[in-house]
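These values consider heavy atoms only, across backbone and side chains, with no hydrogens, waters or symmetry-generated copies. What you are looking at is a predicted structure, and each value in this text was computed from that prediction instead of being measured. Order of the sequence lines sets the chain letters (A, B, ...), proteins ahead of strands, with each chain counted from 1.
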Amino acid sequence: MDAEELAGQLRHRFPDILVARGEVTVIVTPDDMLVGLRYLREDPGLSFGFLSDLTVSDWPELDPRFWVAYHLRSTERGHRIRVKVGLPPEPDPPQLPSVTSLYPTADWLEREAYDFFGVVFDGHPDLRRIEMPDDWVGHPLRKTEPLAGVNTAFTGAFVPPPDQRGL
Amino acid sequence: MIINMGPQHPSTHGVLRMILELDGENVVTCRPVLGYLHTGIEKNTEYRTWQQGVTFVTRADYLSPFFNELGYCLASSASWGSRLRPGPGSSA
C-alpha cells in the first residue's frame with residue numbers, strides 16, 4: 001500500500017494527515033493519542049503491531065513546544081506511519097499517557113524520552129533515566145540545555161561551551 | 001546472589017553493565033545499565049554543519065558505522081529535497 005492509499009484509508013478517523021516524501025504522518029491530540037494508537041494497532045486492515053521508534057523534538061519558542069513522534073511499522077503488511085502529538089510548554093514537565101500497555105518496546109523508548117526531554121509518561125512501569133547518570137540534573141536534549149560548560153564528577157575535565165571553543 | 005557484570009567485563013567491552021540475580025547457575029533477573037557509550041552526539045550535531053555531522057554518526061556505534069552514516073545521509077538529504085542514489089546492486 002503506498003502512502004496516498006494509506007492516508008486515504010485513515011482520513012475518516014484522523015482528519016489531520018500529512019503526506020510528504022512518501023511518508024504518512026498523523027497528528028493527534030494528547031487525549032486521543034492512546035485511543036488512536038490502539039485503533040492503528042488493532043484494525044485488521046492496518047495492523048501496526050510494532051513501535052519501531054519514539055522520538056521527541058523541542059521547539060522552545062513555539063506552542064506546542066514538544067512534539068512526540070511514534071514511528072509505527074506493520075510487519076504483516078509492510079507499511080509505516082508516524083503519529084505525532086504536540087505538547088504545550090506548560091505544564092512543565094509535560095505529561096502523556098504511556099503506551100507500554102500497547103507496545104512493549106515503549107518501555108525503554110519512553111525512558112529515553114523522559115531522560116533526554118523530561119516528558120513524563122503516566123502509567124509507565126519503571127520511569128527512570130536510561131542513558132544519563134541517575135543523579136544528572138535536567139534533560140540534556142532540550143534546546144534550552146547547554147552542549148557543554150557544565151561541571152562533571154571528574155576533576156580537571158571541564159569542557160567549555162562551544163562558543164568559547166572556536167568551532 | 002547478586003552479581004555485577006560489567007562495564008569492565010571483557011564480554012561487555014566497557015559499554016554495558018548488567019546486575020544479575022542468580023539462583024545457583026540460573027539467572028533469575030537481569031537489570032541492564034546502559035548509556036556508557038552515549039556521548040551526546042545529537043546535541044553535538046546541533047552545533048555543527050550537516051557535513052560535520054557525518055563524522056559524528058559513524059562513531060555512534062563503532063561496530064556498524066556505515067549503517068548510521070547511510071541513515072544520516074539519506075535522512076538529511078531527504079530533508080532538503082534531494083535523493084541519494086544507492087550504489088549498483090543495491091535494492092534500497
Side-chain angles (χ1 to χ4, degrees), chain A residues 3 18-23 25 52-60 69 71 78 80 82 107-109 111-118 125-126 128-136 138-150 152-154 157 159-167, chain B residues 4 6-8 12-21 28-57 59-62 64 67-68 70-86 91-92:
Chain A
L18 297 170
V19 180
R21 306 180 203 103
E23 298 169 13
T25 303
S52 61
D53 203 2
L54 189 166
T55 56
V56 187
S57 55
D58 178 19
W59 305 85
H71 301 257
R80 291 173 191 276
R82 181 184 302 113
D107 185 340
W108 282 20
L109 296 172
R111 279 178 63 189
E112 187 182 48
Y114 162 72
D115 192 358
F116 289 147
F117 292 92
D126 184 22
R128 57 196 162 86
R129 291 185 185 277
I130 187 166
E131 307 240 28
M132 299 302 288
D134 291 339
D135 55 356
W136 190 267
H139 302 283
L141 287 192
R142 287 189 176 195
K143 289 284 187 288
T144 46
E145 293 281 313
L147 170 63
V150 293
T152 65
F154 307 105
V159 178
D163 56 343
Q164 293 167 28
R165 273 187 265 161
L167 287 176
Chain B
N4 178 54
Q8 306 299 337
T12 72
H13 50 158
V15 300
L16 175 67
R17 173 187 173 201
M18 285 175 290
I19 304 159
L20 305 171
E21 188 183 340
V28 183
T29 59
C30 167
R31 276 167 68 97
V33 182
L34 45 154
Y36 293 99
L37 206 57
H38 190 265
T39 55
I41 282 174
E42 308 93 323
K43 195 84 185 169
N44 266 301
T45 51
E46 288 175 11
Y47 291 82
R48 306 302 208 284
T49 62
W50 288 106
Q51 296 92 323
Q52 288 173 315
V54 180
T55 318
F56 279 85
V57 295
R59 285 144 178 84
D61 177 357
Y62 53 79
S64 62
F67 300 113
N68 292 313
L70 179 66
Y72 176 86
C73 292
L74 288 171
S76 52
S77 65
S79 74
W80 61 72
S82 64
R83 188 170 170 275
L84 285 183
R85 286 177 212 291
S91 60

Heavy-atom contact with chain B under 4.5 Å, split by part of A/Pro133: neither

Does atom OH (B/Tyr62) have a neighbourhood of more than 12 heavy atoms from anything else shown, all under 6.0 Å? yes

Can any side-chain N or O of B/Lys43 pair as donor or acceptor with the backbone N or O of A/Ala148 at less than 3.5 Å? no

Find out whether B/Glu46 and A/Leu147 are in side-chain contact, i.e. whether some heavy atom of one side chain is under 4.5 Å from a heavy atom of the other. no

Are any of the side-chain heavy atoms of A/Trp108 and B/Pro32 separated by less than 4.5 Å? yes

For the residue pair B/His38 and A/Phe116, establish whether any side-chain heavy-atom pair is separated by less than 4.5 Å. yes

I'd like to know which of B/Val33, B/Leu37, B/Asn44 tops the heavy-atom pair count under 4.5 Å against chain A. B/Asn44

Between A/Met132, A/Arg128, A/Arg129, the one whose heavy-atom pairs under 4.5 Å with chain B are most numerous: A/Arg128

In terms of heavy-atom proximity below 4.5 Å to chain B, should A/Glu145 be classed as side chain, backbone, both, or neither? both

